[in-house]
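Numbered from 1 within each chain, the chains take letters A, B, ... in sequence-line order. Note: hydrogens, waters and symmetry copies are ignored here, and every other heavy atom, side chains too, is used.
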Amino acid sequence: MSDLRELYQEVIFDHNRHPRNFGKLVNANRHSEGFNPLCGDSLDLYLIVDNNRIIDIKFEGQGCAISTASASLMTEVLKGKTLQEAEQLFEGFHQMVTTGETPSIDLGKLSVLAGVSEFPARVKCASLSWHTLNAALHNSTQPVTTE
Amino acid sequence: MFNVAQIRGQFPILKSSVRGKPLVYLDNAATTQKPQCVIDAESNYYDVLNANVHRGVHKLSQDATDAFEKARDTIQHFIGAAHREEIIFTRGATEAINLVASSWGRANLKPGDEILLSQMEHHANIVPWQLIAEQTGAKIKVIPMDDTGTLDLTQFEALLSSKTKMLGITQVSNALGTVNPVQYMIEKAHQVGALVLVDGAQSILHQTVNVTELDCDFFVFSGHKLYGPTGIGVLYGKKALLNAMPPYQAGGDMIFKVTFEKSTFNHLPYKFEAGTPHIAGAIALGTAIEFVQSIGLKDIAHHEAELLDYAAQQARSIPQLRVIGQAKDKVSVFSFVMDGVHPHDIGTILDSEGVAIRTGHHCAMPVMDYFKIPATARASLALYNTKEDIDALFVALHRVTEMFLK
């Protein structure tokens, strides 16, 4: 039960009900799609990257509370960050949700998703948006899947 | 007399706990639990019978062969097949469909031919046909359903023509629980000269099946959904059809004579059983069938129908819950969505209460597309489930509403 409360914190509910930066970014210069074929979750991520910095970022899609909240939190945290900072956050986040270890880098509000590491079946939900980000930043044209 | 407590006592896993709560297993459409007799049959084979079949002159090989072939007889009688050699052991229903699609399809399908499938097929009864359609130039046609999850039989009949060569139809939908009128559909398909493959993966544990009365040309099911082991399943095919079909896989056991110039193939059923089969699995599947027969499918169906009704009544206590699949003739599957909560979140919260259900698309994405939902939560029943299991499900679902919809 305590694990469940760790997973579903109020912040997660809040972002699930009211996702931030939700919608299409018409003048985006980076875009990628992510799928979680087992869940049917799908995500479109739009970015405006200028001078090595994420100027704006939005997402669209459907998914569970964990995947929606994770995408919403990610867009909040990444806005204004340099690509190097985004890369470091990706690695730190990945480490946190897969191993449960506290990463060396400060993840800020992303830490509310630390509880996911106790639910291996849900790691994919939390990381879908981040894998999609990775594809967008590396200009991958293939849709990302979590499988 | 159907005694659920006595039945539960035969399933060791039902005594276990999950996350500190007693296991409430409601994921039977994915796989069923195994009674002690099935577990014993499998381990007994390795304890005292282990030898390869159909090839040794020694006593142990003979005994293993006898046990393996006895399982074939059990299956033959269970599904009412006319001949024992019409029972082919496969890895499961999926492999059985692949066998027919590949062997029969390659030999018989031509450009312009049509394969008729239903909107509610499981991927295993879609994708093998797509592959063979691509290779042969045949086309796939789809029988639509309505929003209760019932097939449109008028459309079905309109789709049938002399071009229709195969009807692939599930007897029970894994995602919706709909029972399809396969007897009627087989009759109609035969009138235009089409063959019919019935996917019995979800029906075989809930109702009596008689392939001779159905007059289906092929019937497939998996052992693990019938209280038997994983990795073993059955293809039933009419003898004349199987005889005319080329081998699917090649290797030992399926040949008469091999030279580097040419090989000749064994007779049925061995023509389709290349290599060493899952001997322990086949024997234990025979035991699983005897177990089901000892309880009786009629009583099992009655018990499960009562539970499904009970679940439908309980569902009215949650206004946000919408049942997906409300066909008049329906068994064992309680598939639903809840406004404002994704099925995966439902699944995780139920799991924390020890309640195991399936969440996702149930390998039936076209069904999800039809209802315009990404996934459902699905509780599915088996003979050992109880009203207490359904109560536990709804206690957990009320917890979901407290957390998500307060």
### Task
Evaluate the criterion side chain to side chain contact (heavy atoms under 4.5 Å, CB included) for residue pair Arg399(B) and Leu4(A); output intermediate values, then yes/no.
CA-CA 12 Å; Arg399(B) 210 177 131 62; Leu4(A) 197 63; 3.7 Å; yes

#### Entry: Heavy-atom donor-acceptor pair, Arg17(A) side chain to Phe404(B) backbone, under 3.5 Å
yes

### Query
Which ring pair (Phe, Tyr, Trp, His ring centres under 6.0 Å) pairs, counting each pair once, include a residue from residues 337-358 of chain B, with sequence neighbours left out?
His342(B)-His344(B)

Does atom [atom1] of [X] have more than 12 heavy-atom neighbours, drawn from other residues, nucleotides or ligands, at distances under 6.0 Å?
X        : atom1 : answer
Ile13(B) : CD1   : no
Arg8(B)  : CZ    : yes
Arg20(A) : CZ    : yes

### Summary
Whatever's closer than 4.5 Å to a heavy atom in chain A on Ile349(B) counts as both

#### Entry: Heavy-atom contacts under 4.5 Å, residues 68-107 of chain A to chain B
none

### Query
What distance do Phe119(A) atom CZ and Ser352(B) atom OG have between them, rounded to the nearest 0.5 Å?
7.0 Å

#### Entry: Gap separating the CE atom of Met403(B) from the CD1 atom of Ile12(A), nearest 0.5 angstrom
10.5 Å

### Message
Could you check whether Asp345(B) pairs with Arg122(A) (Lys NZ or Arg NE/NH1/NH2 to Asp/Glu carboxylate O, under 4.0 Å)?
### Response
yes

### Option that, when pairs with chain B are counted at under 4.5 Å, heavy atom only, ranks first among Cys125(A), Ala121(A), Gly63(A), Ser67(A)
Gly63(A)

### Task
Count the heavy-atom pairs under 4.5 Å between each of Ile373(B), Thr348(B), Thr359(B), Asp351(B) and chain A, then report the option with the highest count.
Thr348(B)

